[in-house]
Amino acid sequence: MGNVLVVAEHLHGKFPKTTLVGVEAGKQMAGHAGGKCLGAVLGQGIGALASELADYGVDVIAVDGAPFAHYLADAYTAAIAELAKQKDVEVVIAAATAVGKDLLPRVAARLGAGMASEVTAIVDKATFKRPMYAGNAIATVALAGSPRVVSVRTTAFDAAKKGGAKGSVTQLTVSPDPASTKMQFVEFAETKSDRPVLTEARIVCSGGRGLKNGENFTIYLEPLCEALGAAMGASRAAVDAGFVPNDLQVGQTGKVVAPELYIAVGISGAIQHLAGMKDSKVIVAINKDEEAPIFQISDYGLVADLFKAVPELTEEVKKLKA
Amino acid sequence: MKILVAVKRVPDPETVVKIAPDGVGITTDNVKWVINPFDEIAIEEGLRLKEKVSGTEVVLVSIGQKTAQEQLRTGLAMGADRAILVLSDQALEPLAVARVLQKLVEQEKPELVLLGKQAIDDDSNCAGQMLAELLGWPQATFASKVEVGGDQRSAKVTREVDGGLETLNIPLPGIVTADLRLNEPRYASLPGIMKARKKEMKEIPVADLGVDVAPKARIVKLETPPKRTGGRKVGSVEELVKVLHNEAKVI
Ligand SMILES: Cc1cc2nc3c(=O)[nH]c(=O)nc-3n(C[C@H](O)[C@H](O)[C@H](O)COP(=O)(O)OP(=O)(O)OC[C@H]3O[C@@H](n4cnc5c(N)ncnc54)[C@H](O)[C@@H]3O)c2cc1C
Ligand SMILES: Nc1ncnc2c1ncn2[C@@H]1O[C@H](COP(=O)(O)O)[C@@H](O)[C@H]1O
């Protein structure tokens, strides 16, 4: 009966929703494994975060110190592997965010553990479902041995909620070996935006090559996002062309989203794009080509010139909300 | 400087894969095979560094069946210097791939190993990070810009992460995995294709490397996901807003 260790990522002193998804998956996993759900918080000056994590009913281990001030794969791997050994951990788990994807495989290699990435369902403590081939196939994967390492798709589980008995908080000091922790953080150029975070938003409006340039994202798509309180997303074509920043890319190799409402504007619907949004509850497509593949998976399709339809839609939404 | 680039043979991204009758693999007839798109970007990055730093050698490595010769030959035609094909009939999971690559790194002693961020068949996004740990090397994954220092002893790498771009400094030797916007790969030229025929391609049976490639992950079932069926077309923006409000109740 081993424990489950959730790596709890944080940003600007908060846990993003994706972390809470990881916690929820960790609790489910602990139910299967029969052990406890532990949470690891790494950083510098993280006392408040550690206490907050305990509110979700997990026993928290805080690794506080200068080597962990910024996320770096080598130092964090050393700490997580150390925790896994000390705490009798059977499964290490985290949300498949940029940090989770960067960190967990390294942890798995350190532990010699079998790994499944982007898991969408937990069948039992060693069996998982995960998409392959851009979501064209769903594999059921069995991992042999212990420990095992699993990253979970952020749209596949609910976010954990506070409540129940508060977990304990313990401190652990880890001093990574300087010889194998040589990565240096230089800077983080954060995309500033007042809009909701793409992976947390209830509504997402994404633009594609059909918008033609970055300016049109500002003129046409932004007001619609504003009116709906939506996050903005984009296709790879739009990001590659430099219309919008890279972290807006939705798809197989970008972010995976599943909002209540996804509006695809000027996006053709390539399989790689669908891989990142087809689990949305309601999908709307606006495209001037009635044959565009995006219509095959849309609940509501509007064949129209986006430059005419989007401003109209923005106005209608505003009227509705007034 | 020596650069190793890991290249996987995968189905063309345009292929709609079909589940094989055995229920654990895909049918391979009528599949067009290509270099994993991210690995093509990794090769291109290797070639650009070669153009900048004289005396650089770019060595391609693939692990797979003999048919992967085709993809390695394409990489050589793009301009890589030589290739190593590690023959394995069994498809290897990322940890096993990383162990094989570790062995080759110990033999070849490159300053930089470039991989794709993700193989578009298994969609794992693991092998590069695993290799970095096995070697005890620094890693810079999801790279959109790589600048190797003048003394070739460090690299400054910009990474595509959630919420923006992160920059790391890593001492070399190190691991970099390529994201989509790192570069735009060149096509092989006709003279390049001619030259590639004469370039060295060494084949090594995986068993000769003496590494543990026993699988830890086993696919017990492969299924097609539930199909999402299209709904209907609406005639106007007004109608769209009405159905979203009254019927779908999402706005
Ligand atoms: C390895 C790999 C990974 C990839 N990963 C991703 C990924 O993560 N995410 C992703 O999105 N893609 C990804 N792609 C790319 C994908 O295959 C497509 O090329 C891309 O999604 C196309 O973007 P698009 O729909 O904006 O452009 P297009 O396919 O060019 O479509 C533009 C659409 O806009 C419509 N349009 C044009 N003008 C108007 C107008 N005035 N009004 C209304 N409609 C208009 C057109 O009818 C067309 O349907 C990947 C590809 C590969 C090979
Ligand atoms: N069989 C293989 N042969 C060579 N390189 C591979 C192989 N499998 C994975 N890789 C490399 O590892 C990267 C990540 O793969 P993966 O972890 O499977 O998503 C790929 O982009 C390749 O560069």
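Chain naming here is simple, since letters A, B, ... match the order of the sequence lines and numbering starts at 1 in each.
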Main-chain N/O of A:Gly112 paired with B:Lys216 side-chain donor or acceptor, under 3.5 Å: yes

Structural part of A:Val284 lying under 4.5 Å from a heavy atom of chain B: side chain

Sidechain-backbone polar pair: B:Asp123 side chain, A:Ala134 backbone, donor-acceptor under 3.5 Å: yes

Contacting region of B:Pro13 [heavy-atom separation from chain A under 4.5 Å]: both

A:Arg130 versus chain B, the contacting section by heavy-atom distance below 4.5 Å: side chain

Modelled atom types, side-chain donor and acceptor of A:Tyr71 and B:Glu166, under 3.5 Å: no

Side chain / backbone / both / neither for A:Ala116 at chain B, heavy atoms under 4.5 Å: neither

Heavy-atom check, side chain of B:Asp162 versus side chain of A:Lys255, under 4.5 Å: yes

Main-chain N/O of A:Thr253 paired with B:Lys117 side-chain donor or acceptor, under 3.5 Å: yes

Structural part of B:Lys18 lying under 4.5 Å from a heavy atom of chain A: neither

Region of B:Ala98 that comes under 4.5 Å of a non-hydrogen atom in chain A: neither

Portion of A:Gln272 that has a non-hydrogen atom of chain B nearer than 4.5 angstrom: side chain

Student check: side-chain heavy atoms of B:Thr15 and A:Tyr133 closer than 4.5 Å: no

Atom group of B:Gln118 that falls short of 4.5 Å from chain A, counting heavy atoms: side chain

Region of A:Leu313 that comes under 4.5 Å of a non-hydrogen atom in chain B: both

Salt-bridge criterion met for A:Asp279 and B:Arg228 (N-O under 4.0 Å): no

Segment of A:Ala285 engaging chain B (4.5 angstrom heavy-atom cut-off): neither

Contacting region of B:Leu244 [heavy-atom separation from chain A under 4.5 Å]: side chain

Side chain proximity check, B:Glu223 to A:Thr140, heavy atoms < 4.5 angstrom: yes

Interface moiety of B:Ser144 toward chain A, non-hydrogen atoms closer than 4.5 Å: neither

Under 4.5 Å from any heavy atom of chain B - which part of A:Leu72: side chain

Interchain contact, A:Ile271 with chain B, by part (heavy-atom threshold 4.5 Å): side chain

Part of B:Leu222 lying under 4.5 Å from any heavy atom of chain A: both

Heavy-atom side-chain proximity of A:Ser117 to B:Cys126 below 4.5 angstrom: yes

Closest heavy-atom pair and its distance - A:Ile138, B:Pro225: CG1-CB, 3.8 Å

Among B:Ile26, B:Val17, B:Ile219, the one residue meeting side-chain contact (heavy atoms from CB on, under 4.5 Å) with A:Met132: B:Ile219

A:Glu118 side chain to B:Asn125 side chain, donor-acceptor N/O pair below 3.5 angstrom: no

Part of A:Lys129 within contact of chain B (heavy atom distance under 4.5 Å): side chain

CG on B:Leu240 to CD1 on A:Ile263, rounded to 0.5 Å: 7.0 Å

Residue among A:Ile283, A:Asp74, A:Val197, A:Val317 with most heavy-atom pairs under 4.5 Å to chain B: A:Ile283

Side-chain donor or acceptor of A:Arg202 paired with backbone N/O of B:Val250 under 3.5 Å: yes

Side-chain touch A:Met115/B:Leu95, heavy atoms, less than 4.5 angstrom: no

Region of A:Leu228 that comes under 4.5 Å of a non-hydrogen atom in chain B: side chain

Region of B:Ile120 that comes under 4.5 Å of a non-hydrogen atom in chain A: both

Flag side-chain contact, heavy atom, 4.5 Å: A:Gln249 against B:Leu180: yes

Region of A:Ser298 that comes under 4.5 Å of a non-hydrogen atom in chain B: backbone

Interchain contact, A:Glu312 with chain B, by part (heavy-atom threshold 4.5 Å): both

Residue A:Asp177 versus chain B: region with a heavy atom under 4.5 Å: neither

Verdict with supporting geometry, B:Lys249 and A:Glu260, side chain to side chain contact (heavy atoms under 4.5 Å, CB included): CA-CA 10 Å; B:Lys249 299 195 192 319; A:Glu260 278 181 42; over 6 Å; no

Test side-chain contact (heavy atoms from CB on, under 4.5 Å) applied to A:Thr77 and B:Gln139, B:Glu133, B:Gln129, the passing residue: B:Glu133

4.5 Å side-chain heavy-atom contact, A:Glu316 and B:Glu239: no

Toward chain B, the part of A:Ala309 with a non-hydrogen atom under 4.5 Å: both

Region of B:Thr229 in contact with chain A, defined by heavy-atom distances below 4.5 Å: backbone

Pairwise side-chain contact, A:Lys308 with B:Val237, heavy-atom cut-off 4.5 Å (strictly under): no

